[in-house]
Every structure is written in C-alpha cells, then in structure tokens.
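Just follow the structure's listing: the first ligand is 1, and inside any ligand the first atom is 1. Bear in mind that the values here come from a model prediction, so they are computed numbers and not experimental data.
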Amino acid sequence: MAIVTPVPAAELPAGARRRLRLASPATLEPIDEIEVANAADVAAALARARKAQVAWAATPVAERAKVLWRALDVLLARMDEYIAVVQRESGKPRTDALMIEMFAACDSLAHFAKRAERMLKPRKQRLHGVLALAKSLRLVPRPLGVVGVISPWNGPFVLSVNPVIQAVVAGNAVLLKPSEVTPRSGELVGKLFAEAGLPDGVLHVLLGDGETGAALVESGVDKVSFTGSVSTGRKVGESCARRLVPCTLELGGKDPMIVCADADLDRAAGGALAGAFFNAGQICFSTERVYVVDAAYDEFVRRVVERTKALRQGASGEFEIGPMIWPRQLEIVEQHVADAVAKGAKVLTGGRRNPALPGLYFEPTVLVDVHHDMAILREETFGPVLPIVRVRDEEEALRLANDCRYGLGATVWTRDGAKGLALATRIESGSVCVNDMTMTYGALEAPFGGRKESGVGFVNGPESLLGYCHVQAVLVDRMGGRQTASHFPYSAAKDAGMQKFMRFLWGTPLRKWVS
Ligand code: NAD
C-alpha cells in the first residue's frame with residue numbers, strides 16, 4: 001500500500017514534469033496530485049530569491065517583524081481552514097493539528113516578531129585585557145542570503161513554518177521544500193506569508209520529493225535547514241560539506257523516560273501516554289522507551305495500561321490517536337513490535353494494526369519484558385508504541401538511557417527536584433524535561449537540537465536565529481591607525497620588548513586583572 005505514487009509516464013504529455021498522486025493515510029482514498037519541481041525550477045526560484053533578498057535584507061528588522069505580526073493575524077483568522085488542510089493529508093486528530101501545528105506556529109510567530117529586533121541588533125562586545133584599550137569590537141548579525149528549508153511529514157506545517165519565520169526575519173530569502181507526503185501543508189506557509197505582505201520573491205515553495213530536495217541542497221543556497229530522517233540528513237550533510245555551506249540537521253530520536261521510585265506515578269503515567277501517543281508517536285522527541293525503578297514498576301505499568309485502553313482511535317469526530325502518516329513508517333512499527341515479541345516481549349495492550357479502520361492505523365501499544373537486544377529499544381520506532389523496562393535503580397536507568405545512538409530529548413520523573421536535575425544532566429541528550437513530557441521544542445528560548453545521531457545545530461533559541469546570520473566581527477582600532485609594534489620591520493629589539501611586555505602581563509599576580 002502506498003499513499004504517494006508516481007503518475008505513469010505514459011499518462012503525461014511529452015516533456016512534462018513528473019507528477020505524484022496522493023492518498024489519505026486515514027482512508028487510503030485519493031486526495032490530490034502534485035507536480036514535482038525539477039532542478040531547473042529550483043534554479044529559477046533561486047535566481048528570483050537572490051534578487052528579492054537584496055531589498056529584503058536592507059529592510060529594517062522592525063519592518064520585517066511586522067510581516068510576522070500580520071502572518072499571526074492571518075493564521076488566527078484562517079486557523080480552521082489550515083487545520084483542515086493538515087488533517088486532510090495527515091489524518092491527525094483535530095487537537096493534534098491545533099496544538100502541534102497551529103499553537104506552536106502562532107507562538108513562534110509572536111515570539112520572533114516581538115524579539116527579533118533585539119536579538120538581531122548589532123552589539124558592542126567588550127574586549128579582554130589590554131586589547132580593550134586599543135580596539136573596540138562590534139558584532140553585526142548579517143543575513144546569509146538564500147536559505148533552503150526541507151521539512152518532513154509528521155509536523156508538516158509547523159516544521160516548515162518555524163525555520164521560515166526565523167530565516168525570513170533575519171533578512172534571508174527562502175526556498176521551502178515540504179515533504180511529498182504532506183505538500184499542501186507546506187504550501188500553506190507560502191500562502192500565509194504572501195497574505196501577510198512578504199515581498200514577492202522572498203519565499204518560494206517548491207513541491208516535490210527527494211529529487212527536488214537534493215536539487216535544492218545542490219542549487220547554491222547559502223544554508224540548508226533540514227528536518228527529517230537520519231539517513232537523508234546524512235546525505236544532506238555530506239552535500240553541504242562538499243559545498244562548504246552550513247546546515248542544521250534535526251533528525252531522529254529515541255527519547256528515554258526515567259521514572260524514579262519517588263515519582264508522582266499518576267503524573268508520570270499521564271506523561272508517558274502524552275509523550276508516546278501524541279500525534280500517534282510521530283514526533284521526533286516522543287517518548288520511545290521507559291525505564292522504571294523496581295519499586296514503582298508494577299503500579300506505573302498498571303496505570304499506563306488502564307489509560308492506554310481508554311484511548312480512542314479514529315478517522316472522524318473525537319478521537320485521540322490518528323493513523324500513521326507514511327506506510328513505510330507503519331511497516332517499521334510492525335517490524336519493531338514483531339521483533340520484540342519474537343525475542344520474548346509481552347504485549348499488554350494493542351500490538352497490531354487496527355482491524356476496524358481502513359487506513360494506516362496501529363493500535364496504541366504497551367510492551368513489557370523488553371531488553372536492549374530488541375530494535376524497539378534501539379531504533380527509532382516513530383509510532384504509538386510504549387516499551388517499559390524494569391530497572392534495579394536510577395544508575396541502571398541512566399546506563400540504559402545512554403546506551404543509544406540517538407540523543408534528542410529525555411524525561412526524568414521524581415518528587416526530588418535536586419535529584420531530577422542531577423539525573424537530567426547525566427543523560428546524553430540535547431534537552432531534558434523533569435516531571436513533564438518533552439516540551440522543550442515549545443520553550444522557544446531553549447536551544448533545541450540533538451546530540452549523537454539526532455542532529456547538528458539548533459532549531460530554536462538565540463543560537464537558531466543567529467544561525468541564519470553570519471555574525472560579522474567588526475574590530476575598530478582606537479589608536480587612529482598609528483603603526484603598532486606588530487608591524488614590519490621585524491627586529492631582535494622588538495622581539496625582546498614584546499617578551500618583556502608578555503612577562504609583565506601574564507608573569508605576575510597582576511594577570512588576574514589584566515587578562
Ligand atoms: P525523510 O528524511 O524521509 O524526508 C524529509 C524530507 O527530505 C522530505 O521533504 C523529503 O522529500 C526530503 N528528501 C528526501 N530525500 C532527499 C535528498 N536526497 N536530499 C534532500 N532532501 C531529501 O524524513 P521523513 O520520513 O519525512 O520524516 C520523519 C523523520 O523526521 C523521523 O526520523 C523524525 O524523527 C524526523 N524528525 C525530526 C525532527 C527534529 O526536530 N529532530 C522533527 C520532526 C521529524
């Protein structure tokens with residue numbers, strides 16, 4: 001079963017671009033057809049973007065921020081329409097579309113509209129030691145030029161709009177390539193900014209699949225912001241390295257949850273469900289494995305199973321768990337569960353496709369008796385599956401949590417705040433939440449990025465916005481350009497004088513003040 005299928009060449013006029021037919025993951029019925037942008041389309045968009053970027057970069061940040069405020073107004077006014085587009089191609093429950101896509105997008109628009117001017121302001125930086133007497137330093141964030149944004153299908157609107165907001169307010173033009181599985185949700189970003197008054201040519205949305213994405217990376221853009229799988233991210237990173245352009249790679253995750261014996265088990269069980277089953281588990285920082293200390297294990301599992309059984313799965317009306325959005329991902333979920341069961345895991349609830357629904361539905365699943373020889377604890381599952389491991393103590397939980405090639409997010413659950421913090425800082429992950437499901441993507445001040453194979457760079461926090469700039473260092477001489485000791489001609493006397501100066505600077509207790 002495929003939900004993205006190529007239109008046979010025989011059905012296309014000679015010389016036409018490739019086309020893809022799309023079906024709904026919820027019903028498997030046909031919903032759309034798109035034309036695939038090719039390398040020539042990407043090159044043409046890049047040329048237009050380069051021209052438009054010059055005037056856009058010269059527009060004051062405060063004016064650029066006004067476009068974000070207007071985009072926020074458009075989004076609030078058109079929210080139902082936008083949710084309908086996202087739901088149509090992803091099948092996700094309305095509340096998932098509202099919270100993951102719309103709320104997060106509004107929050108990002110408002111956050112950067114309010115703060116961009118301050119965050120992007122050129123600033124004076126005091127120099128160290130005696131250099132401060134001779135020079136002054138200014139740090140001037142300048143846009144990179146044209147940024148390529150490539151996004152996945154699981155958060156098709158928000159993961160497209162968030163990098164675009166930041167790149168655009170920083171003064172760049174953008175070429176956006178959304179996933180071929182959810183192209184119209186990405187297209188909404190273009191419509192949103194056009195309606196908000198972003199000048200023509202600053203943002204281009206190119207629909208297409210991996211071929212379009214690869215052409216975009218190779219096109220000559222000045223940065224690539226990629227969100228997607230590790231395997232594609234590696235290709236994008238290699239290509240950027242060859243071309244010597246920066247890239248941000250937000251890739252997969254296998255987030256651990258550690259439940260201590262003193263945790264509030266009701267809150268922890270609720271967090272486990274939200275972490276594992278929100279968006280049917282198709283979130284890069286979803287809870288993919290739980291380590292529960294022995295004393296809390298039985299009660300925690302009982303509460304989790306009871307609540308999981310109460311979740312509703314569906315295609316319309318009120319329900320909590322939608323379909324898998326991409327058939328290949330559903331197959332991976334099935335493979336991981338089958339591998340676990342074959343190696344001794346026990347399914348406490350779920351564990352199969354939902355026989356009552358026609359689409360790509362996997363029942364919310366709780367597994368126990370799992371161990372680290374199983375794919376379910378080592379590879380990204382990206383589906384509604386919660387494997388729970390009984391551990392002796394917190395040290396064993398930590399060791400297992402870190403026994404992983406991913407390092408995106410993690411959670412720790414304990415009533416002891418100091419212990420929570422201490423455990424959090426020993427987990428090898430980009431972010432950690434204590435006593436909450438992984439909310440760090442929503443904390444826009446927090447740098448959000450992965451360690452290990454979960455990625456390179458940040459998509460939120462000041463680091464992220466400045467990542468769409470080159471922070472130019474402008475060093476101004478305070479001496480009016482008089483010749484200094486470091487200039488030619490060299491001589492033994494100059495060397496001796498310099499050595500004497502160095503000993504004076506750093507060879508006495510004075511060094512603590514002059515360094
Ligand atoms: P994917 O890697 O298959 O595709 C992502 C995007 O890359 C799509 O737009 C696709 O068309 C494009 N693409 C494919 N081949 C390409 C190539 N050779 N060059 C350039 N672009 C190419 O990922 P997916 O299946 O759409 O998304 C799911 C993955 O994304 C999961 O692994 C998930 O963990 C990850 N993800 C990470 C984050 C994060 O913030 N860390 C967020 C969401 C999703």
Mark yes or no for whether N279, through its side chain, and N154, through its backbone, hold a donor-acceptor pair below 3.5 Å.
yes
Return yes if a side-chain donor-acceptor contact under 3.5 Å exists between K254 and S454, otherwise no.
no
- Does S231 reach ligand 1, in the sense of a heavy atom lying below 4.0 Å from it? no
Can you find a side-chain donor-acceptor pair between S185 and T182 that sits under 3.5 Å?
no
For atom 23 (O) of ligand 1, the closest protein heavy atom turns out to be S229 N, 3.3 Å
If you scan protein heavy atoms around atom 28 (C) of ligand 1, the nearest is F382 CE2, 4.0 Å
Closest to atom 27 (O) of ligand 1 among protein heavy atoms sits P152 CB, 3.2 Å
Heavy atom of S151, distance to ligand 1 below 4.0 Å | yes
Rounded to the nearest 0.5 Å, the OG atom of S286 sits from the CZ atom of F277 at a distance of 10.0 Å
Show your reasoning for whether salt bridge (Lys or Arg N to Asp or Glu O under 4.0 Å) applies to R307 and E320.
CA-CA 12 Å; R307 292 194 195 184; E320 288 83 30; over 6 Å; no
Would you tell me whether N162 and Q166 have side-chain atoms, one donor and one acceptor, within less than 3.5 Å of each other? yes
(Q) Donor-acceptor pair, distance only, cut-off 3.5 Å: does the side chain of R18 make one with the backbone of P6? (A) no
- Query: Is there a heavy atom in F448 that sits closer than 4.0 Å to ligand 1?
  - Reply: yes
Has F226 got any heavy atom lying under 4.0 angstrom from an atom of ligand 1?
yes
message: Main chain of T287, side chain of D255: is a donor-acceptor contact present, judged purely on distance under 3.5 Å?
response: no
Between F285 and the options F448, F382, F278, the ring-ring contact (aromatic ring centres under 6.0 Å, His included) test singles out F448
Quick look: E380 vs ligand 1, heavy-atom contacts under 4.0 Å, and the answer is side chain
In terms of heavy-atom contacts, T381 and Q329 come closest through O-NE2, 3.1 Å
Tightest non-hydrogen contact, residues L75 and A105, listed as CD2-CB, 3.8 Å
Checklist entry - Does at least one non-hydrogen atom of W326 fall below 4.0 angstrom from an atom of ligand 1? => result no
If we number the atoms of ligand 1 from 1 as shown, the ones under 4.0 Å from a heavy atom of E180 are 10 (C), 11 (O)
Contact region, L159 to ligand 1, non-hydrogen atoms below 4.0 Å, reads side chain
Between E101 and F157 (side chain of the first, backbone of the second, donor and acceptor by atom type, cut-off under 3.5 Å), is there such a pair?
yes
In this structure, atom 16 (C) of ligand 1 is nearest to the protein heavy atom T232 CG2, 3.2 Å
protein heavy-atom neighbour closest to atom 39 (C) of ligand 1 works out as C284 SG, 3.0 Å
re atom 26 (O) of ligand 1, the protein heavy-atom contact at minimum distance is W153 CD1, 3.1 Å
Closest heavy-atom approach to atom 14 (C) of ligand 1 among G228, G210, G455 is made by G210
Looking only at non-hydrogen atoms, the one of K254, K177, E211 nearest atom 10 (C) of ligand 1 is K177
Note: P178, heavy atoms under 4.0 Å from ligand 1, region reported as backbone
With P178 as partner, the option from P156, S151, P152 fulfilling side chain to side chain contact (heavy atoms under 4.5 Å, CB included) is S151
Of all protein heavy atoms, the one nearest atom 12 (C) of ligand 1 is I150 CG2, 3.7 Å
Ranked by distance from atom 37 (C) of ligand 1, the top protein heavy atom is L251 O, 2.9 Å
Any heavy atom of L408 under 4.0 Å from ligand 1? The part involved is side chain
With heavy atoms and a 4.0 Å threshold, my read on which part of N154 contacts ligand 1 is side chain
